[in-house]
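Ligands are counted one by one from 1 in listed order, and the atoms in each one are counted from 1 as well. Note that this is a predicted model, so its numbers are computed, not measured.
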Amino acid sequence: MDSDLYRPPAPKPLSPTLSLLRTLMRGERDLLGLLPEEAYRIRVAPMGVSRRKILLVNEPSVVRRLLTEAAGDYPKNDLMIGALRPLVGEGMFISQGETWKRQRRMLEPAFTHMRINRAFAAMEAAVADYETHLDGVAARGEVFSLEAGMSHVTADIIGRTIFSRTLESEDARGIFDDFARYQNAVANVELRRLLWGKPFADIPQPAEVTEACGRIRDHIGRLIDARIAGQADRDGSGSSGQDGDLAAEVIAAVDPETGTKFDREELVDQIGTFFLAGHETTASVLTWCFFILSNQPEAVRRMRREIEAVTGGGPVRFEHTKRLAFTRNVFRETLRLYPPLTFIPRVAIREVEIEGHRLPRGAMVMISPWIIHRHMDFWRDPDRFDPDRFDPDRFEAGEGEPGAYLPFGLGPRVCIGAAFATLESALILARLIRRFDFAMAEPDKVRPVARLTTRPASEVLATVSLAGPVRQEAGQAAPVGVV
Ligand code: HEM
């Protein structure tokens with residue numbers, strides 16, 4: 001289908017009454033499906049009826065203020081913190097105040113351009129292994145879960161980046177499997193609590209969640225202990241050299257202001273945070289990328305032409321990834337349509353007033369990349385897939401409202417891994433699109449829901465086959481070792 005016409009799946013917005021009725025009568029669990037049409041039109045307005053006051057804020061200038069200069073009055077939402085704490089303790093994603101400031105200044109150096117450049121080798125190795133796996137899937141004509149595949153490759157990347165371990169190693173595998181259990185169980189509590197929960201109340205988690213988190217933390221603790229004792233990676237479990245990996249950086253990090261290092265508990269918190277924040281987010285947007293591209297042959301042809309032109313037909317190198325302008329626009333546009341963090345919720349710690357709305361302490365301030373990215377006033381034909389809207393010429397000419405694009409958040413709590421995620425995604429997209437044609441088994445069944453990330457409601461079943469056209473156009477042989 002031509003991209004001019006393509007609007008990938010999104011829930012049909014409801015009238016406010018129907019939205020409320022569904023919440024009350026059907027115990028609906030997916031917040032995306034409950035958003036009324038008005039949500040995509042209004043600038044700042046209270047949301048529906050709930051025990052807790054919720055203010056939806058779409059206006060970009062107000063969003064910017066709340067997330068930057070006024071950030072101190074609007075810390076991260078207590079419900080989100082309650083769901084994540086069993087896993088990441090006081091890790092940087094949810095910590096507040098001085099604790100967070102210290103963590104951020106200690107961890108920021110690990111995410112500089114130079115360090116990310118070093119992580120590229122781990123990314124390349126993980127993608128190469130995944131390509132080999134997909135070669136087999138293609139040869140056997142297997143149907144596979146696209147989301148599980150993307151989770152696998154991004155978890156493999158983060159495991160290699162943190163601990164220089166592949167997903168084949170026992171602890172890395174254990175973390176991956178328990179994380180999947182955690183994610184499925186924790187999502188269920190959120191919507192009910194969001195609408196009817198008491199502010200700042202303790203949130204009990206199901207045993208499944210706390211047990212999975214306990215096991216993940218045990219795995220991470222063991223890997224850290226082994227590393228500190230200098231024994232890691234001597235067991236033939238797929239080590240690729242641990243000098244300068246993320247675990248080494250976090251263990252060695254010193255706070256420039258106090259001269260202190262992280263203690264063991266803090267190390268488990270931070271490494272758990274990187275695992276949590278660093279793989280499912282990227283996996284979710286890549287799932288949507290490949291889903292959309294399976295429906296967009298012209299976009300795929302353009303990507304392949306670009307990849308061949310930039311790489312000269314050779315491997316995709318670090319320096320190439322920045323020059324893949326169209327491929328990066330496909331990634332940006334997919335992040336717009338399916339931002340992995342559907343909501344960036346905040347809570348008022350005192351009585352406040354926002355654009356004339358008085359809010360009591362404990363009120364929720366709902367900032368939603370999903371809604372802002374599809375807002376009728378901020379984007380032309382917002383539901384349409386149109387990667388070229390991010391061309392600098394079009395974008396600067398007013399294609400998108402300034403400040404209306406925030407997949408990585410804004411202000412002091414902006415995503416620390418944005419450059420990492422962009423790099424790995426460009427590499428994965430370029431390598432897999434160059435080599436494979438993706439087809440979806442049941443495209444009409446795919447619909448997004450808001451869980452821990454914006455993900456498909458059920459498994460997206462896909463097949464792959466080896467792509468021929470670009471290599472033939474470029475007059476090169478098909479890759480060896482495949483059917
Ligand atoms: C496409 C992929 C990703 C997306 C869309 C994304 C999105 C976000 C967003 C929206 C926030 C801000 C949340 C808030 O303000 O409440 C955030 C924070 C964070 N992200 Fe990411 N993220 C991605 C990948 C990564 C990766 C790869 C890592 C690490 C390797 C990472 C680590 C973090 C951390 C540690 C924070 C907390 C920062 C702080 O509070 O100081 N993220 N991310």
In R105, K101, K261, the residue satisfying side-chain hydrogen bond (donor to acceptor under 3.5 Å, both in side chains) with D255 is R105

Check the angle between the aromatic planes of F390 and Y405 and answer parallel, tilted or perpendicular using the 30° and 60° thresholds.
-> tilted

F438 and F436 aromatic ring geometry - parallel, tilted or perpendicular at 30°/60° bounds | perpendicular

Identify the protein heavy atom lying closest to [atom], giving its residue, its atom name and the separation to 0.1 Å.
atom                    : result
atom 15 (O) of ligand 1 : R346 NH2, 2.8 Å
atom 7 (C) of ligand 1  : P407 O, 3.5 Å
atom 13 (C) of ligand 1 : K76 NZ, 3.7 Å

More than 12 heavy atoms of other residues, nucleotides or ligands under 6.0 Å from CZ of R64: is that the case?
-> no

Greater than 12 external heavy atoms within 6.0 Å of E249's CD | yes

A student comparing F343, F331, F111, Y338 should find that the heavy atom closest to atom 30 (C) of ligand 1 comes from F111

Salt-bridge criterion met for [X] and [Y] (N-O under 4.0 Å):
X    : Y    : answer
R43  : D377 : yes
D129 : R160 : yes
R102 : E266 : yes

How many angstroms lie between OG1 in T422 and CZ in F420, if you round to the nearest 0.5 Å?
-> 11.0 Å

[X]: numbered ligand 1 atoms lying under 4.0 Å from its heavy atoms:
X    : answer
M92  : 35 (C), 39 (C), 40 (O), 41 (O)
I158 : 30 (C)
W100 : 39 (C), 40 (O), 41 (O)
F420 : 27 (C)

With only distance considered, is R104 within less than 3.5 Å of ligand 1 through an N or O on each side?
-> yes

Hey, does R413 come in under 3.5 Å of ligand 1, counting only N/O atoms on both sides?
-> yes

Only pairs under 3.5 Å count here: list side-chain donor-acceptor contacts from residues 268-278, not counting sequence neighbours, and write none if there are none.
from : atom 1 : to   : atom 2 : distance (Å)
D269 : OD1    : R217 : NH1    : 3.0
D269 : OD1    : R217 : NH2    : 2.7
D269 : OD2    : E90  : N      : 3.0
Q270 : OE1    : M92  : N      : 3.1
T273 : OG1    : D269 : O      : 2.7

Go around atom 21 (Fe) of ligand 1 and count every protein N, O or S atom nearer than 2.8 Å.
-> 1

Answer with yes or no whether T422 contacts ligand 1, where contact means a heavy atom under 4.0 Å from a ligand atom.
-> no

Among D386, L324, D391, find the residue that satisfies the side chain to side chain contact (heavy atoms under 4.5 Å, CB included) test when tested with N329.
-> D391

